[in-house]
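My questions all concern the structure below.
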Amino acid sequence: MEEKIFLVECKELAKNLFEILEIELEELTEQEKELLIAYSFGMISIMAEENQILLSIQYFAIEKVIMEVFQYSKQKTINIIKNILDSTEKGGSEIFRIMIYQGKYVYPKYKDSNYNEVYDRLTNLIDVIVTGEYKER
């Protein structure tokens with residue numbers, strides 16, 4: 001897959017998550033946005049892997065998604081990416097790690113247009129985290 005096409009598809013993926021959730025960006029809390037970004041990161045990681053996209057292009061794409069789809073500043077985007085990458089290491093955010101993993105897990109269902117499954121898994125995850133039912137250790 002060409003890099004430009006990959007970037008467009010990453011943005012479309014994030015926008016489609018809003019459609020699947022039937023929600024507008026403005027309706028999300030800061031925490032919900034960050035959870036959705038981590039989830040998107042997981043999905044984009046699998047898409048990049050399947051299409052043999054370089055890691056640098058993958059990170060560039062997630063940066064563009066955060067800035068353009070989630071409408072964050074450059075500095076806030078850098079901070080979010082750092083938090084996401086830290087979460088992949090031991091001692092990072094367990095919640096982000098879960099969201100990334102679940103994004104990776106659900107990507108094949110998304111790719112097969114099984115949007116009900118994507119909706120159910122994502123809303124359940126966000127509900128459990130936002131309501132405080134899940135606590136990081």
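What's counted below: heavy atoms across the whole structure, side chains too, no hydrogens, waters or symmetry copies. Predicted model only: the values in this text are computed from it and were never measured.
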Discussion item. Between L54 and I57, is the side-chain contact (heavy atoms from CB on, under 4.5 Å) condition met? List the steps.
Written reply: CA-CA 5 Å; L54 296 173; I57 303 301; 4.1 Å; yes

request  = I would like to know whether L122 and I20 meet side-chain contact (heavy atoms from CB on, under 4.5 Å); could you show each step before the answer?
outcome  = CA-CA 10 Å; L122 185 52; I20 291 167; over 6 Å; no

Would a hydrophobic clustering, with Ile, Leu, Val, Met, Phe, Trp and Tyr connected at side-chain separations under 4.5 Å, put I78 with L55? no

*asked:* For residues I84 and L28: do they belong to one hydrophobic cluster (side chain heavy atoms under 4.5 Å, members Ile, Leu, Val, Met, Phe, Trp, Tyr)?
replied: yes

OG1 of T77 to CD1 of I62, rounded to nearest 0.5 Å, is 10.0 Å

On a heavy-atom basis, the closest approach of F6 and M47 is CE1-CE, 3.8 Å

Hits for salt bridge (charged side-chain N to carboxylate O under 4.0 Å, His left out) against E117, two or more places apart or cross-chain, chain-then-number order -> R121

- Can a salt bridge be assigned to the pair K74 and E63 using a cut-off of 4.0 Å between side-chain N and carboxylate O? yes

Nearest heavy-atom approach of A48 to Q58 is CB-OE1, 3.6 Å

So Y72 and K33, do their side chains get closer than 4.5 Å, heavy atoms only?
yes

Is there a donor-acceptor contact under 3.5 Å from the side chain of R97 to the main chain of T88? no

Please determine whether side-chain contact (heavy atoms from CB on, under 4.5 Å) holds for the pair L25 and F70, giving the CA-CA distance in whole Å, both sets of side-chain angles, and the decisive distance to 0.1 Å. CA-CA 7 Å; L25 177 65; F70 289 90; 4.0 Å; yes

Quiz item: Any sub-3.5 Å donor-acceptor pair from E32's side-chain atoms to T29's backbone N or O?
Solution: yes

Do Y119 and L21 have side chains that approach each other closer than 4.5 Å (heavy atoms only, starting at C-beta)?
yes

Those residues at least two apart in sequence (or on a different chain) that pass side chain to side chain contact (heavy atoms under 4.5 Å, CB included) with Q52 are none

Sorted by chain and residue number, the side chain to side chain contact (heavy atoms under 4.5 Å, CB included) partners of N16 (sequence neighbours excluded) come out as E12, E19, Y110

Closest non-hydrogen atoms of K104 and S45, given as atom of the first, atom of the second and distance, are CE-CB, 3.8 Å

Interatomic distance, CD@E34 vs CG@N83, rounded to 0.5 Å, equals 7.0 Å

Indicate whether any N or O donor in one side chain lies under 3.5 Å from an N or O acceptor in the other, for E94 and S87.
no

Of all heavy-atom pairs linking Y107 and E50, the shortest is CE2-OE1, 3.5 Å

Apart from F60 itself, members of its ILVMFWY cluster (side-chain separation under 4.5 Å) are L7

Those residues at least two apart in sequence (or on a different chain) that pass salt bridge (charged side-chain N to carboxylate O under 4.0 Å, His left out) with E22 are none

Same cluster or not: are L13 and Y101 linked, directly or through other Ile, Leu, Val, Met, Phe, Trp or Tyr residues, by side-chain heavy atoms under 4.5 angstrom apart? no

Taken to the nearest 0.5 Å, the spacing of I100 CD1 from I44 CD1 works out to 11.0 Å

Side chain to side chain contact (heavy atoms under 4.5 Å, CB included) filter on L85, not counting sequence neighbours, yields F41, Y59, I81

- Donor-acceptor under 3.5 Å (E27 side chain, E24 main chain): yes

Are I80 and F18 connected in a single hydrophobic cluster, I mean Ile/Leu/Val/Met/Phe/Trp/Tyr linked by side-chain heavy atoms less than 4.5 Å apart? yes

Rounding to 0.5 Å, atoms CD1 (I53) and CD1 (I5) come to a distance of 9.5 Å

*Any chance you could lay out the side-chain contact (heavy atoms from CB on, under 4.5 Å) test for L17 and V118, step after step, and finish with the verdict?*
CA-CA 8 Å; L17 287 178; V118 175; 4.0 Å; yes

- [ ] Please answer: with hydrophobic residues joined when any side-chain heavy atoms are less than 4.5 Å apart, are Y105 and L36 in the same cluster?
- [x] no

K76 with E30: basic N within carboxylate O range, under 4.0 Å: yes

Value for CG (N79) from CD1 (I66), rounded to nearest 0.5 Å, stands at 10.5 Å

